[in-house]
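All remarks here apply to the structure that follows.
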Amino acid sequence: MSAQAMLTVLVTGASGGIGSAISRALAEKGHRVLLQGRNAERLQQLKAALPHSDRHQILVADLLNEAERLELVRSCEQLPGGLDALINNAGVSAFALLGETSDKELARLLHTNLLAPMALTRDLLPLLKRSQRAAIINISSAFGHIGHPGFGAYGASKAGLHGFTETLRRELLDTGIRVHYLAPRAVDTSLNSEAVNGLNHALGNKSDPPEKIAQQCLQLLHSKYGRRRFVGWPERFFIKINALFPALVDSALAKKLPLVRQFAGATDPLPEPGKS
Ligand SMILES: NC(=O)c1ccc[n+]([C@@H]2O[C@H](COP(=O)([O-])OP(=O)(O)OC[C@H]3O[C@@H](n4cnc5c(N)ncnc54)[C@H](OP(=O)(O)O)[C@@H]3O)[C@@H](O)[C@H]2O)c1
């Protein structure tokens with residue numbers, strides 16, 4: 001790859017399942033990756049295993065901590081070649097009925113998955129505007145488009161990320177920055193607890209390897225226009241059905257509620273027959 005084609009890309013949550021696959025895919029294509037996460041040891045191991053290991057940089061930061069986020073931004077500002085792309089991938093999930101979700105858990109989900117990427121993107125915009133090839137990719141989830149029982153806070157955070165991405169793409173149409181949105185279905189990573197994997201198995205939901213998401217991400221990075229992409233069939237179809245005929249999806253999910261309650265370990269009593 002020529003030096004001109006090499007991009008400098010910040011990947012948040014690089015130490016996780018999807019983040020490390022994206023980082024590997026970028027490094028294999030000759031790009032320079034800024035590996036962000038909280039776990040320095042895991043980031044070191046990842047960096048050491050990447051092609052052109054010396055080219056990449058580790059940026060340890062908890063994105064929920066404002067001072068650490070601003071330090072991350074300062075580190076990016078000091079890069080001699082600037083920053084070309086930001087991949088907002090860091091995220092957390094939780095599987096619980098709303099009645100069993102604490103304020104602290106609601107705040108953690110919304111802060112990590114929505115507020116932190118919004119704030120980081122805002123802080124990095126001046127730097128990204130200096131790049132001729134700037135791109136932002138927000139990693140969301142199919143659950144941002146199909147409200148699934150047991151994932152209220154997670155789904156709300158990802159639906160919010162969709163609204164943010166759409167707005168930002170339009171807000172930046174008169175700049176060179178392309179804003180992309182990537183919403184996978186279930187992916188084989190440690191984000192999903194045993195209960196979530198058990199539920200997916202019981203419901204016959206399929207999942208993808210993280211490398212598939214990484215390839216989609218790479219395609220978006222080189223796409224000329226801001227794009228919105230959903231991964232997985234039949235989930236892509238259900239997302240369209242849900243947008244047009246949500247009552248159909250209500251009925252389908254109503255049949256799955258007993259399994260959801262079972263795997264979520266719901267402790268409140270089941271509704272009396274005829275009152276649900
Ligand atoms: N796995 C799925 O089924 C699935 C499906 C659809 C969408 N997604 C989305 O894909 C993205 C990546 O998920 P994954 O499956 O790769 O999860 P993962 O393996 O658990 O990785 C999550 C990453 O996010 C980082 N992170 C979490 N909280 C952070 C914070 N406060 N500050 C900085 N970094 C933080 C973690 O860093 P540490 O290592 O330091 O904890 C880790 O690197 C998420 O946005 C997720 O919502 C996942």
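In each ligand, atom 1 is the first atom listed, and ligand 1 is the first ligand listed. Atoms considered below: every heavy atom in the structure, side chains included; atoms not considered: hydrogens, waters and symmetry mates.
For atom 44 (C) of ligand 1, the nearest non-hydrogen atom of the protein is Asn89 O, 3.1 Å. The nearest protein atom to atom 41 (O) of ligand 1, hydrogens excluded, is given as Arg38 NH2, 2.7 Å; this is a heavy-atom distance. Among protein heavy atoms, the minimum distance from atom 15 (O) of ligand 1 is reached at Thr189 OG1, 2.5 Å. The nearest heavy-atom contact from the protein to atom 17 (O) of ligand 1 is Leu191 CB, 3.4 Å. Looking only at protein heavy atoms, the nearest one to atom 21 (O) of ligand 1 is Gly16 CA, 3.3 Å. Of the protein's non-hydrogen atoms, the one nearest atom 2 (C) of ligand 1 is Val187 N, 3.4 Å. For atom 23 (C) of ligand 1, the closest heavy atom belonging to the protein is Gly13 CA, 3.7 Å. Nearest protein heavy-atom contact of atom 13 (O) of ligand 1 is Ile18 CD1, 4.1 Å.
Each of the following atoms of ligand 1 lies closer than 4.0 Å to a heavy atom of Thr112: 28 (N). Applying the 4.0 Å criterion to heavy atoms of Ala61 picks out, from ligand 1, the atoms 32 (N), 33 (C). Using a 4.0 Å cut-off to heavy atoms of Asp62, the atoms of ligand 1 that qualify are 30 (C), 31 (N), 32 (N). Listed by number with element, the atoms of ligand 1 under 4.0 Å from a non-hydrogen atom of Leu63 are 30 (C), 31 (N), 32 (N), 33 (C). Listed by number with element, the atoms of ligand 1 under 4.0 angstrom from any heavy atom of Ser15 are 37 (O), 38 (P), 39 (O), 40 (O), 42 (C), 43 (O). Near Ala186, the atoms of ligand 1 lying under 4.0 angstrom from a non-hydrogen atom of the residue are 3 (O). Proximity to Asn192 (heavy-atom distance under 4.0 Å) selects the following atoms of ligand 1: 1 (N), 2 (C), 3 (O).
Close N/O approach between Arg185 and ligand 1 is not found [any backbone or side-chain N/O within under 3.5 Å]. Residue Gly37 places no N or O, backbone or side chain, under 3.5 Å from any N or O of ligand 1.
In this structure, Glu77 does not pair ionically with Arg74, as no charged nitrogen and carboxylate oxygen lie closer than 4.0 Å. Of the charged side-chain nitrogens involved, at least one lies within less than 4.0 Å of a carboxylate oxygen, so that Arg170 and Glu166 count as a salt-bridged pair.
In His52, the NE2 atom is crowded: over 12 heavy atoms of neighbouring residues, nucleotides or ligands sit closer than 6.0 Å. Within a 6.0 Å sphere centred on CD of Glu105, heavy atoms belonging to other residues, nucleotides or ligands number more than 12.
Heavy-atom distances between Ala21 and ligand 1 stay at or above 4.0 Å for every pair. For the pair Tyr154 and ligand 1, a heavy-atom separation below 4.0 Å is found. Residue His111 places every heavy atom at 4.0 Å or more from ligand 1. The shortest separation from a heavy atom of Ser140 to ligand 1 is under 4.0 Å, placing the residue in contact.
Looking only at distances, no side-chain donor or acceptor of Lys47 sits under 3.5 Å from a matching main-chain atom of Leu34. Between the side chain of Asp84 and the main chain of Ala134, no donor-acceptor pair closer than 3.5 Å is present. Judged by distance alone, the side chain of Arg32 and the main-chain N or O of Met6 form no donor-acceptor pair under 3.5 Å. Arg38 contributes no side-chain N or O that, together with a main-chain N or O of Asp62, makes up a donor-acceptor pair within less than 3.5 Å.
Nearest-residue assignment for atom 19 (O) of ligand 1 (options Ser207, Ala90, Gly91, Gly17; heavy-atom criterion): Gly17.
Criterion: ILVMFWY side-chain heavy atoms under 4.5 Å apart, direct or through other members. Under it, Leu161 and Phe230 are not part of a common hydrophobic cluster.
For an aromatic pair to be called close, the ring centres must be under 6.0 Å apart, and His148 with Phe263 fails this.
Judged purely by distance below 3.5 Å, without hydrogens or angles, the side chains of Gln219 and Arg229 pair a donor atom with an acceptor atom. For the residue pair Asn200/Ser207, the side-chain donor-acceptor check at 3.5 Å is not satisfied. Asn138 and Thr165 form a side-chain donor-acceptor contact under 3.5 Å, judged by distance and modelled atom types alone.
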